[in-house]
Structures are given as structure tokens and as C-alpha cells.
Engineer: 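Below is the structure I would like to discuss, written out as C-alpha cells.
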Protein chains: 2
Amino acid sequence: MRNTAVRLDKVPEPPGCSVLGNAPLSDPPAEGVRVRRPTLHAVAARAGVSKSSVSRVINGEPTVAPEIRQIVMAAVTELGYVPNGAARNLVTQKTNTIAIIVSDPPAGLVSDDPMFAMVVRAASRELEAAGKQVALVLAGSDESRRRVEQYLAAGHVDGAMLVSMDGSDPLPAVLARTGLPVVSHGRLATPGLMPYVDNDNLGGATKAVQHLLDQGRQRIATISGPLDMQAAQERLNAYRQALKDTGRRSIVALGDFTRISGAEAMRQLLDDDPQLDAVFAANDLMAIGALRTLREAGRRVPEDVAVVGFDDIEAALYTAPPLTTVRSPMGEQAARTVRLLLELLANGSADSVILPTEIVIRESA
Amino acid sequence: MRNTAVRLDKVPEPPGCSVLGNAPLSDPPAEGVRVRRPTLHAVAARAGVSKSSVSRVINGEPTVAPEIRQIVMAAVTELGYVPNGAARNLVTQKTNTIAIIVSDPPAGLVSDDPMFAMVVRAASRELEAAGKQVALVLAGSDESRRRVEQYLAAGHVDGAMLVSMDGSDPLPAVLARTGLPVVSHGRLATPGLMPYVDNDNLGGATKAVQHLLDQGRQRIATISGPLDMQAAQERLNAYRQALKDTGRRSIVALGDFTRISGAEAMRQLLDDDPQLDAVFAANDLMAIGALRTLREAGRRVPEDVAVVGFDDIEAALYTAPPLTTVRSPMGEQAARTVRLLLELLANGSADSVILPTEIVIRESA
DNA sequence: CTGAAAGCGCTTACAG
DNA sequence: CTGAAAGCGCTTACAG
């Protein structure tokens with residue numbers, strides 16, 4: 001039985017917890033008092049030079065006499081000066097920050113997809129390496145889309161990278177019309193709105209089905225992703241085309257890229273065609289769900305039914321049996337993908353990039 | 001064989017891709033020309049009132065005559081005016097944004113941990129619901145820690161939520177001395193630096209071991225997480241204490257919370273004590289790794305060896321057999337956890353919160 | 001209830 | 001190479 005009544009214990013903390021054994025840069029703030037940080041003006045006064053000179057030193061301009069630079073640096077260190085970001089942004093008209101905008105459906109369907117984490121993490125790393133800050137924006141509802149537009153229009157960021165999971169999403173058009181540089185992680189349903197980087201989904205799915213065909217599998221089914229997602233569409237199309245080329249008929253069940261949907265779709269597939277001997281799941285998460293259903297139904301994998309996934313997430317190595325799948329370069333090489341995207345953003349380029357996929361053969365097929 | 005030579009196809013995009021069928025709010029920007037957005041001044045001129053009045057309307061102040069409000073709103077809509085964020089931040093001395101700071105080791109050990117995604121996602125949602133923006137900051141290296149400190153000192157955010165995975169991390173102390181309000185997702189090694197919310201790791205791990213004991217298991221091993229992480233420490237301590245209470249000896253292997261480390265630790269455990277009949281893995285990811293090793297070694301679960309995990313991530317439902325585990329409220333109720341954290345942040349409270357855990361019994365033990 | 005003025009903390013031509 | 005001045009786009013006392 002699951003215990004739903006939840007205790008919540010308050011653990012009082014000893015009062016007056018100040019920094020323990022860490023020498024602060026400047027005077028430690030008095031309890032509860034929000035200290036006003038030193039300004040450029042204060043540094044200039046301390047150093048006995050003009051604000052202009054301090055500014056130049058701070059920004060590393062070469063046209064500063066060494067002696068001035070030195071005295072300014074001393075004052076900066078002494079006062080613990082850090083330039084105010086808002087003031088800088090205001091005058092320079094740039095923010096040095098890029099938004100990562102994730103189209104996050106309220107239903108949270110893709111919530112456990114490791115792809116999300118990989119992309120966000122890789123983007124953060126690359127952006128940080130490039131000296132940029134990242135604003136993370138989740139945009140699910142109409143309301144939040146409006147907020148995103150306002151946010152961009154307010155000049156909070158210099159550009160944005162869209163991670164859209166839903167092809168029918170109006171977000172791309174909203175972003176495109178802000179006039180800011182925008183790129184997309186994954187191809188969009190509406191072409192031409194912005195450049196993108198994407199997997200070669202068509203090629204990858206074709207390889208998956210071909211592998212099954214090469215094994216002599218006769219009745220090859222597929223579990224598709226949600227059809228409002230571009231990647232799902234392409235993978236399904238490739239499956240259909242490959243079967244058609246060999247005169248076979250398609251056996252399709254619909255999932256939504258989650259494990260549970262894969263399990264359910266597999267159940268339906270088994271009902272529809274008890275004779276099927278292979279399944280191509282449009283992502284690994286659904287393949288994992290399908291494996292569970294097959295296990296429960298007493299079908300052996302790969303003897304009775306072969307299973308191929310797509311993405312090659314880490315979990316694919318730990319299924320029983322280990323999963324044969326298509327390696328997605330956007331997952332496997334998330335850093336590289338993001339770097340490409342940031343290049344597109346910087347260049348203002350309109351050229352998109354498609355990354356080649358490869359099949360990874362393990363034991364499930 | 002893995003194909004390492006990677007093609008990369010350039011897909012040229014048709015030139016001149018403008019917004020398709022979406023009526024922009026204002027005039028569409030000319031190709032390549034970065035339009036200067038209208039300012040408060042422009043709105044005031046258009047409406048024939050003072051800037052003060054426009055500002056009041058924009059900020060929803062009640063002391064504005066209805067007619068003025070109306071005419072201002074008309075001008076705002078007509079010009080597509082959105083207040084400049086930097087200017088606002090500068091004058092109000094607040095940013096309306098909260099930083100989520102993730103202590104992200106360069107090694108990327110925890111890279112695939114679904115906990116990361118859950119926390120970040122939940123935090124983003126709650127923050128957005130509260131009308132706040134979120135700055136995502138990854139802090140792994142010394143260098144990046146310095147950058148974080150600068151970033152906070154620059155006044156870019158009003159507060160920060162730390163998601164630290166590493167107890168020996170100097171980051172918390174760095175954050176604490178900025179003087180900004182900070183809270184921690186998870187207890188820190190150094191107490192008193194900031195309030196936190198955490199799982200009842202001790203209680204949870206005790207329940208896990210007790211369950212194994214209740215089953216009459218005799219030789220109960222554990223796979224610990226990295227000991228510089230607070231949660232790993234606590235779970236290991238609970239295991240030790242529970243065994244000690246029954247006069248049993250501890251059998252410990254060290255992992256780092258990843259699947260692969262769980263698989264390796266299990267191998268070592270099997271070497272060390274081939275007779276063991278139960279394993280408590282300090283998280284589900286390592287339990288998944290352990291299951292693979294046990295399968296490869298021909299041990300049946302749970303007949304030969306019982307396995308219990310910790311966290312109850314979604315994948316725990318899909319292992320073979322399904323994993324008995326301890327439900328972590330920080331994962332299961334990520335939204336609530338984050339809400340608590342944000343309350344702490346807002347209140348400036350120094351009270352921490354510990355959330356109770358419960359065991360979820362499935363088939364692996 | 002409204003407006004003129006000061007000022008938030010910077011950067012950047014412009015003289016010198 | 002340096003400094004005085006203007007100005008980025010807002011908000012906020014302060015008079016009226």
C-alpha cells in the first residue's frame with residue numbers, strides 16, 4: 001500500500017549562520033542588511049582617476065597607461081568591485097545571454113526523456129565556454145508563449161535556441177517574428193522560419209528497418225512517436241517506405257515517446273497481429289516499454305520478436321536483452337550539435353545541418 | 001563496428017524566409033536591419049502624455065485616470081511597446097530572475113541522472129508560475145565557480161537555488177558570501193550555510209535494509225554512492241547502522257550513482273562474497289547496473305539475490321524484474337520540493353525541511 | 001491625478 | 001592616453 005499521508009518535519013537551524021572560515025573578498029555584510037555594492041564611481045574616487053579610465057581598465061582596453069591600470073586594479077580588488085550587469089546591458093544594448101527555450105507541454109509527456117537533459121546541459125556548457133549566460137525558458141501554454149515573446153522583446157537576451165518537441169507548436173513563428181536571431185534544435189514543421197540542426201531521421205529509420213529485413217523478419221511492426229513531432233513523422237515515413245519497397249504491409253501503433261506508451265502500443269500490436277516477429281520503436285524509451293510488454297506476454301527477444309529502438313540513450317545498454325538501436329548524433333554528440341547551433345546563431349546563417357546516423361547492433365535484434 | 005567517420009550534409013535553405021502567414025504586432029523588420037524598439041518616450045509622445053503617466057499605466061498603478069490609461073494602452077498596442085528589461089532592472093535594483101545553479105562536475109558523472117532534469121524542470125515551472133525568470137548556471141570547474149560569483153555579484157539575479165551534487169564542493173560557501181538569498185536542493189556537507197530541503201535519506205535507507213531483513217536475507221551488501229555526496233553518506237550510514245543492529249557485517253562496494261558504476265560494483269561484490277543474497281543500491285541507476293551484472297552472472301532476482309534501489313525513478317518500473325525501491329519525495333514530488341525551496345528563498349527563512357520517504361515494493365525484493 | 005526632474009551605473013564619442 | 005559630458009530607458013520622489 002502506498003502511504004499518501006506525508007509528514008514534513010521542520011528542522012530548525014542554529015541562528016546566525018555566517019560564513020565559516022571563508023575570508024570574504026570585502027567586508028562581510030552585516031546581518032540582514034543588504035549592502036550596496038561599490039560602483040564604478042567609488043572605484044574611480046578610490047583610485048583618484050576618472051570613471052572613463054576605470055571603465056577602460058575593466059573592459060581591457062589597450063589604450064591605458066600601465067600605471068593607471070595598476071592603480072585601478074588595486075582599487076577594484078580592494079573594494080571588491082564587480083560591474084553592474086543591468087547598467088552594462090542598458091548602455092551596450094546587449095546582454096551576453098542566450099535563451100534556451102524548451103517547448104514543454106503541460107502534460108509533461110516527454111518529462112523523463114534523457115534527450116532534454118542532454119541538450120540543456122550541453123547547451124549550458126558550450127554557452128558558458130563561450131562566455132555567455134543562459135536563460136532557461138519553458139514554454140508550454142499559450143500564456144507562457146506570450147510571456148516568452150515579451151521576454152525576448154524586452155531585450156533580455158541576444159538570441160535564442162529553440163528546443164521544440166511539438167511540430168504544431170506556434171512557438172517558432174512567435175520567436176521568428178521577434179526579429180532576434182533564433183535557431184532550432186530539431187527541424188520544424190513549418191520550414192524556413194529559422195535554421196536548424198537535426199538527425200537524419202529518414203536515413204536512421206531506414207537502416208533500422210533494413211536491419212530487420214536483412215534478418216529475414218517477415219512481419220515488422222512499428223511503434224510511432226506522436227505525429228505532431230517532426231522526428232516521429234520522418235521515422236514513420238521511412239518505415240513505411242522501406243516496407244513498401246519489399247511489398248510488405250505496415251503495422252503501426254501510436255505512442256508518444258514515453259515508456260508507458262511503448263508498453264501499451266506493444267500490447268495493441270500483439271493483439272492486432274499475434275504473428276509479428278519484429279518491431280521498430282521510434283525511440284528507445286518506447287522500445288523499453290515494448291520489451292516489458294513482450295516479457296510479460298512471454299515472447300522471447302530476439303528469438304520470437306526482434307526489437308530495434310532509436311536514439312541510443314544510455315539505458316539502451318541496460319535493457320534485457322541490450323537494445324539494438326540507431327545512434328542519434330544529437331544525443332551522442334550533444335556538445336557538437338549545440339556548437340553547430342551556436343555557430344548558426346552567431347553567423348546569422350540560414351543554412352541548416354543534418355547529421356548522419358548509424359545503427360548500433362546489440363542483442364535485441 | 002562503430003563508424004567514426006561522420007558525414008555532415010549542408011542543406012541550403014531558400015533565401016528570404018520571413019514570417020509565414022503570421023501578422024506581426026508591428027511593422028515587420030526589414031531584412032537584416034535590426035529595428036530599434038519603441039521606448040517609453042515614444043509611447044508618451046504618441047499618447048500625448050508624460051513618461052511618468054505611461055510608466056504608471058505600464059506598471060498597473062491605480063492612481064491613473066481611466067481616460068489616460070486608455071489612451072496610453074492604445075499607444076502601447078499600436079507601437080508594440082515592451083519595456084526594456086535592462087533599464088528596469090537598473091532603476092529598480094531587482095531583476096525578477098532566480099538562478100538555478102547546478103554543480104556539474106566536468107567528468108559528467110551524473111549526466112544521465114533523471115533527477116537533474118526533474119529538478120530543473122520543476123524549478124523552471126514553478127518560477128515561471130511565480131512570474132520569475134530563470135538563469136541556468138552550470139558550475140563545475142574552479143574557473144566557472146569564479147564566474148558564478150561574479151555573475152551573482154553583478155546583480156543579475158535576486159536569489160539562487162543551488163543543486164549541488166558534491167558535498168566537498170566549495171560552491172556553497174562561495175554563494176553564501178555573496179550576501180544574496182540562497183537555498184539548497186539537498187543538504188550540504190557544511191551545515192548552516194543556507195537552508196535546504198532534502199529527503200529523509202536515513203529513514204529511507206533504513207526502510208530498505210529493514211525490508212531485506214524482514215525477508216530473512218542473511219548477507220546483505222550495499223552499493224554506495226560517491227562519499228563526497230551527502231545523500232550517499234547518509235544512505236550508507238543507515239545501511240551500516242541497520243546491519244550492526246542485527247549483528248551482521250557490512251559488505252560495501254563503492255559506486256558513483258551511475259549505471260555503469262553499479263554494474264562494476266556488483267561484479268566486485270560477487271567476487272568478494274559469492275554467497276550474498278541481497279543488495280541495497282544507494283540509487284536506482286546503480287541498481288539497474290547491478291541487475292545487469294546479476295543477469296550476466298546467472299543469478300536470479302529475487303530468488304538468489306534481492307535488489308532494492310533508491311529514488312523510484314520511472315525506469316524502476318521497467319527493469320526485469322521491476323525494481324523494489326525507496327520513493328524519493330524530491331523526485332516524486334519535485335514541484336512541491338521546489339515550491340518549498342522558493343518559499344524559503346522568499347521568506348529569508350533559515351529553517352530547513354526534511355521530506356519523509358516510503359518504500360515501494362515490486363518484484364526485485 | 002499628472003508632469004518635470006533626478007538618477008540608477010555604466011559606456012562612449014569627443015576634446016584635449 | 002585621459003577626463004568631462006551625454007545618454008542608454010526606465011522609475012520614483014516631489015511639486016503642483
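Just so we're clear, the structure is a prediction, and the values are computed from it rather than from any experiment.
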Engineer: Would you check if the side chain of A:S50 reaches a backbone N or O of A:S53 as a donor-acceptor pair within less than 3.5 Å?
Structural biologist: yes
Engineer: Whole Å only: how far is the CD1 atom of B:I68 from the C1' atom of C:dC1?
Structural biologist: 8 Å
Engineer: Out of curiosity, B:Y151 OH to A:N96 CG, how far, rounded to the nearest 0.5 Å?
Structural biologist: 10.0 Å
Engineer: Using atom NZ of B:K51 as one end and atom P of D:dC14 as the other, report the distance to the nearest whole Å.
Structural biologist: 19 Å
Engineer: Rounded to the nearest Å, what distance is computed from the CD atom of residue A:E61 to the C1' atom of nucleotide C:dT11?
Structural biologist: 9 Å
Engineer: OP1 or OP2 of C:dC10 versus the side-chain N and O atoms of A:N89: is any pair under 4.0 Å?
Structural biologist: no
Engineer: Quick one: are B:N59 and B:R88 in side-chain contact, heavy atoms under 4.5 Å?
Structural biologist: yes
Engineer: Between B:R56 and B:L90, which has a closest nucleotide on DNA chain D that is more 5'?
Structural biologist: B:L90
Engineer: So what does A:T92 hit on the nucleic acid, given a heavy-atom distance under 4.0 Å: a base, only sugar-phosphate, or nothing?
Structural biologist: sugar-phosphate
Engineer: Indicate, with a heavy-atom threshold strictly under 4.0 Å, whether A:I58 touches base, sugar-phosphate, or nothing.
Structural biologist: nothing
Engineer: Please determine whether a side-chain nitrogen or oxygen atom of B:Q93 lies at a distance below 4.0 Å from atom OP1 or OP2 of C:dG9.
Structural biologist: yes
Engineer: Should B:S55 be listed as having a side-chain N or O under 4.0 Å from OP1 or OP2 of D:dC10?
Structural biologist: no
Engineer: Less than 4.0 angstrom from a charged side-chain N to a carboxylate O is my criterion; do B:E143 and B:R146 meet it?
Structural biologist: yes
Engineer: Answer yes or no: does a side-chain N or O of A:S50 lie under 4.0 Å from OP1 or OP2 of D:dG3?
Structural biologist: yes
Engineer: Can you tell me the distance, in whole Å, between the NE2 atom of A:H41 and the C1' atom of C:dC8?
Structural biologist: 13 Å
Engineer: Taking the nucleotide of DNA chain C with the nearest heavy atom to each, does B:V91 or A:R88 sit closer to the 5' end?
Structural biologist: B:V91
Engineer: With a 3.5 angstrom cut-off on both distances, give the Watson-Crick or G-U wobble partner of D:dA13, or none if there isn't one.
Structural biologist: none
Engineer: In this structure, how many angstroms lie between the P atom of D:dT11 and the CG atom of B:N96, rounded?
Structural biologist: 13 Å
Engineer: Separation of B:N84 atom CG from D:dG7 atom P, in whole Å?
Structural biologist: 18 Å
Engineer: Taking a pair as Watson-Crick or G-U wobble with both distances under 3.5 Å, which nucleotide is matched to C:dA4?
Structural biologist: none
Engineer: In whole angstroms, how far is the P atom of D:dC10 from the NE2 atom of A:H156?
Structural biologist: 11 Å
Engineer: For D:dG9, does the base pair up with any side-chain atom of B:R37 as donor and acceptor (N or O, under 3.5 Å, distance only)?
Structural biologist: no
Engineer: What is the distance from atom NE2 of B:H156 to atom CD of B:Q133, rounded to the nearest 0.5 Å?
Structural biologist: 13.0 Å
Engineer: Grab the CG-P distance between B:L40 and D:dC10 for me, whole Å please.
Structural biologist: 5 Å
Engineer: Hey, does the side chain of B:S52 come within less than 4.0 Å of C:dT2's phosphate (OP1/OP2), counting only N and O?
Structural biologist: no
